Amino acid sequence: DALVTFKKEITVGLMKALPELLGKHLAEPVKLAELIAIIPHLQLELYALKRQDKVFTNLVKLVKQIFFMHSDDRLLESCAKTLGFCSSDDTHDAIKRGSVQVLKESVLSSTRAFAEAAARHPQMEDFDLVYITLSRVFWLHHFAGGSMTECGMRDSVNTMLDNVCDGHQLDEEVVILALKFMYEHHLWALNVMRQDDSPSEAKLLELARWRDTFVHQLHQMLTDAPSDRIKDEVYNIEADFFVVFSREKLQGTRVGNILGFTPSLVVLKAFWEHCEKKLDSVAGKSEATDKVALASLCNATRLVAYNILPEHSWLPAAIVSHFVLHGKTVAEIIKSMCGKLKKHNPGRLWEVYLGAMKTAFERHMVSSVQKQAVCEDTLEQFKDLSIRIAQVYTGQLQSDRPTAAKIVRAGVNYGLMDTPARLSFWVYGLTHFTNKIEAAEVKKLAREVMQKGQEVGAVQSVPMWKSFYLYLEHLKEKLPVGAADDLDVTPLRAPDLPTVEARRLSFASQQSGDLGQPASKRPFTQMDE
């Protein structure tokens, strides 16, 4: 009650004083922004109850006048927020009527000014004029977008973005503001459609076309824009856009059949490649402290954690493949994502882990081809990732051993797809899972590997097949005494290998534990716990 009384007293006291204060500080944008920001917090219905409707209308008109007098971004935001609030359903009807009219006039004036500026300067030669007029439109749209979806600005901003895609060099501040405007325009338009009890199919199809056009523009700028700031902005907008228009999210709604959307493989690959570049920019550091890189990763993991794009099953694996590369903070973000993934699709997690190992191994193969020699760094990263994933399957759960066996079997098949080039996948990746599976399964697997070796023509004396026989010997060594007597495996000892490779062939069993910590410090917790 005391707060209500105090608010009432402040409102009454400012009815006369606030216009005077605004007039007194017309040349000071900082003070104007702070004064105008007070208005939404006043008890505005008192203007109507005390028959001061005209006083309030004049106050709103003064705010509009200030809005078009200045170009300070903070002041524009404060004015637009106040005009939007006073025109909303949260205010008294008498207050709202006058405010709505002032808002409409502001919208018309600002859109007309931007259209004229853009027409006079199609190449944006007068940056200040174009930027200021676009800023006014943006802030009005931001706080009152529902009333601006048909204001005609979409065509003008779309033309500007098309020009950028065609290679016209526009100032990055203008481009970023135009991107934000177009993104928010789609959000407001979607919101209007969802609130409509029976949205027309024609309007839904029109919005779908605009959505596809905007996605194309975003993709083109993400791949071709010369400015990193523009690319970062595009990336952030894409991440939100994929969520808002997700087919999975809109499924079952009145607009879902037409407006539900999943990005193409090309678009999502470019999206993920941008995230990888940001992560690679902090590669080699003990901790990824780059906020942009961490934010980029969070945007990508959100799409997986909340099952936004179930059609793109490769993305979770691509993300997990970075688990050991960028320090603790990145590892914790990925770990959290896997925990969420397990909740809505637990049976798929082993496929994600195997996919991550494949991705890391293929990264190693590409690096080795580029160096024309075995890339030791990427091989070590692949091995570390495999160890961490193997530690997830501790045997505490009944499903641990069968699931680990699935990874091993699928991994063996992966290695046989391009023999002998991929056989080191077995030696540096699958060996860490052998202790996680039943002895009978190990013996069965050894027989199958021997048979596959005969089918593909494995020759022990040929150096390129050494990994094949090393893995086969490893399987035999992990069997109980006597269990491997009937397996005809001629051992190939590690000393026969080059010194570096022999040193790396350590198949000692790893202590089970959480993927997020070193094995020696971790008892049995799962990656997602």
Side-chain angles (χ1 to χ4, degrees), residues 73 114 117-118 121-135 137-139 141-142 153-187 209-245 261-283 288 290-303 309 312 315 318-319 322:
D73 207 48
F114 173 75
H121 307 285
Q123 302 301 322
M124 306 297 152
E125 301 92 341
D126 191 341
F127 160 73
D128 290 336
L129 178 61
V130 174
Y131 181 77
I132 292 168
T133 54
L134 182 57
S135 294
V137 174
F138 171 78
W139 285 116
H141 188 271
H142 183 77
M153 273 295 298
R154 180 175 60 187
D155 293 332
S156 299
V157 176
N158 182 68
T159 300
M160 179 186 294
L161 295 178
D162 278 341
N163 289 338
V164 175
C165 292
D166 289 340
H168 294 181
Q169 298 296 317
L170 306 185
D171 188 273
E172 66 179 22
E173 297 292 343
V174 173
V175 175
I176 289 172
L177 201 55
L179 288 167
K180 288 180 177 178
F181 172 88
M182 192 60 86
Y183 166 66
E184 291 195 2
H185 178 85
H186 281 82
L187 262 61
R209 285 192 295 271
W210 279 105
R211 176 206 64 201
D212 294 341
T213 298
F214 188 48
V215 169
H216 174 73
Q217 291 170 336
L218 291 172
H219 172 64
Q220 196 163 342
M221 281 192 237
L222 187 63
T223 54
D224 298 334
S227 165
D228 286 340
R229 279 194 62 205
I230 293 177
K231 288 184 177 181
D232 290 343
E233 188 63 40
V234 167
Y235 177 86
N236 293 332
I237 289 175
E238 278 192 332
D240 290 336
F241 204 79
F242 295 161
V243 174
V244 172
F245 280 91
F261 162 78
T262 296
S264 67
L265 179 62
V266 173
V267 169
L268 195 61
K269 283 282 188 183
F271 173 86
W272 171 240
E273 285 171 7
H274 181 82
C275 180
E276 280 194 305
K277 287 178 182 177
K278 292 300 176 183
L279 291 174
D280 290 342
S281 69
V282 294
D290 190 312
K291 292 182 180 179
V292 175
L294 293 178
S296 298
L297 179 61
C298 288
N299 280 332
T301 56
R302 178 181 53 167
L303 299 178
L309 305 174
H312 293 284
L315 182 59
I319 294 172
H322 282 263

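In this text, all values refer to a predicted model and were calculated from it rather than measured experimentally.
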[X] to [Y] - nearest heavy-atom pair and separation:
X    : Y    : answer
L177 : S135 : CD2-OG, 3.3 Å
L161 : A178 : CD2-CB, 3.9 Å
P263 : F242 : CB-CE2, 3.7 Å
K231 : T223 : NZ-O, 4.1 Å
S296 : Y235 : O-OH, 2.6 Å
I230 : L179 : CG2-CD1, 4.3 Å

Legend entry - Candidate list L268, L303, V267, test side-chain contact (heavy atoms from CB on, under 4.5 Å), partner E238, passing option: V267
Inset, instruction - Establish, yes or no, whether a centroid distance under 6.0 Å links the rings of F214 and F241. - result: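 Centroid separation for F214 and F241: below 6.0 Å.
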Inset, instruction - Determine whether the aromatic ring centres of H322 and W272 lie less than 6.0 Å apart. - result: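 Distance test on ring centres: under 6.0 Å, yes.
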Inset, instruction - Test side chain to side chain contact (heavy atoms under 4.5 Å, CB included) on L222 and E273 and set out the steps. - result: CA-CA 10 Å; L222 187 63; E273 285 171 7; over 6 Å; no
Ignoring hydrogens and geometry, is there a side-chain-to-backbone donor-acceptor pair from [X] to [Y] under 3.5 Å?
X    : Y    : result
H274 : K269 : no
H186 : M182 : yes
Q220 : C165 : yes

Interatomic spacing from [atom1] in [X] to [atom2] in [Y] - rounded to 0.5 Å:
X    : Y    : atom1 : atom2 : answer
D171 : I176 : CG    : CD1   : 8.5 Å
H142 : K180 : NE2   : NZ    : 9.5 Å
I237 : D232 : CD1   : CG    : 11.0 Å
D212 : S264 : CG    : OG    : 10.0 Å
F114 : M153 : CZ    : CE    : 4.5 Å
K291 : C298 : NZ    : SG    : 13.0 Å

Inset, instruction - Give a yes-or-no answer on whether the side chains of W210 and N158 include a donor-acceptor pair shorter than 3.5 Å. - result: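 No, because no side-chain N or O of W210 sits under 3.5 Å from a partner of the opposite role on N158.
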Side-chain contact test, heavy atoms from C-beta onward, threshold under 4.5 Å: evaluate it for [X] versus [Y] and give yes or no.
X    : Y    : result
V215 : F245 : no
Y131 : D128 : no
T159 : D162 : no
Y183 : L218 : no

Inset, instruction - Determine, step by step, whether D240 and R302 satisfy the salt bridge (charged side-chain N to carboxylate O under 4.0 Å, His left out) criterion, reporting the C-alpha distance in whole Å, the side-chain angles of both residues, the deciding distance to 0.1 Å, and the verdict. - result: CA-CA 10 Å; D240 290 336; R302 178 181 53 167; 2.8 Å; yes
Inset, instruction - Name the orientation class of the two ring planes belonging to F181 and H185 (parallel below 30°, tilted from 30 to 60°, perpendicular beyond 60°). - result: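 Rings of F181 and H185: parallel, under 30°.
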Inset, instruction - With side chain to side chain contact (heavy atoms under 4.5 Å, CB included) as the test, would you mind laying out the steps for E233 and M221 before giving the verdict? - result: CA-CA 10 Å; E233 188 63 40; M221 281 192 237; over 6 Å; no
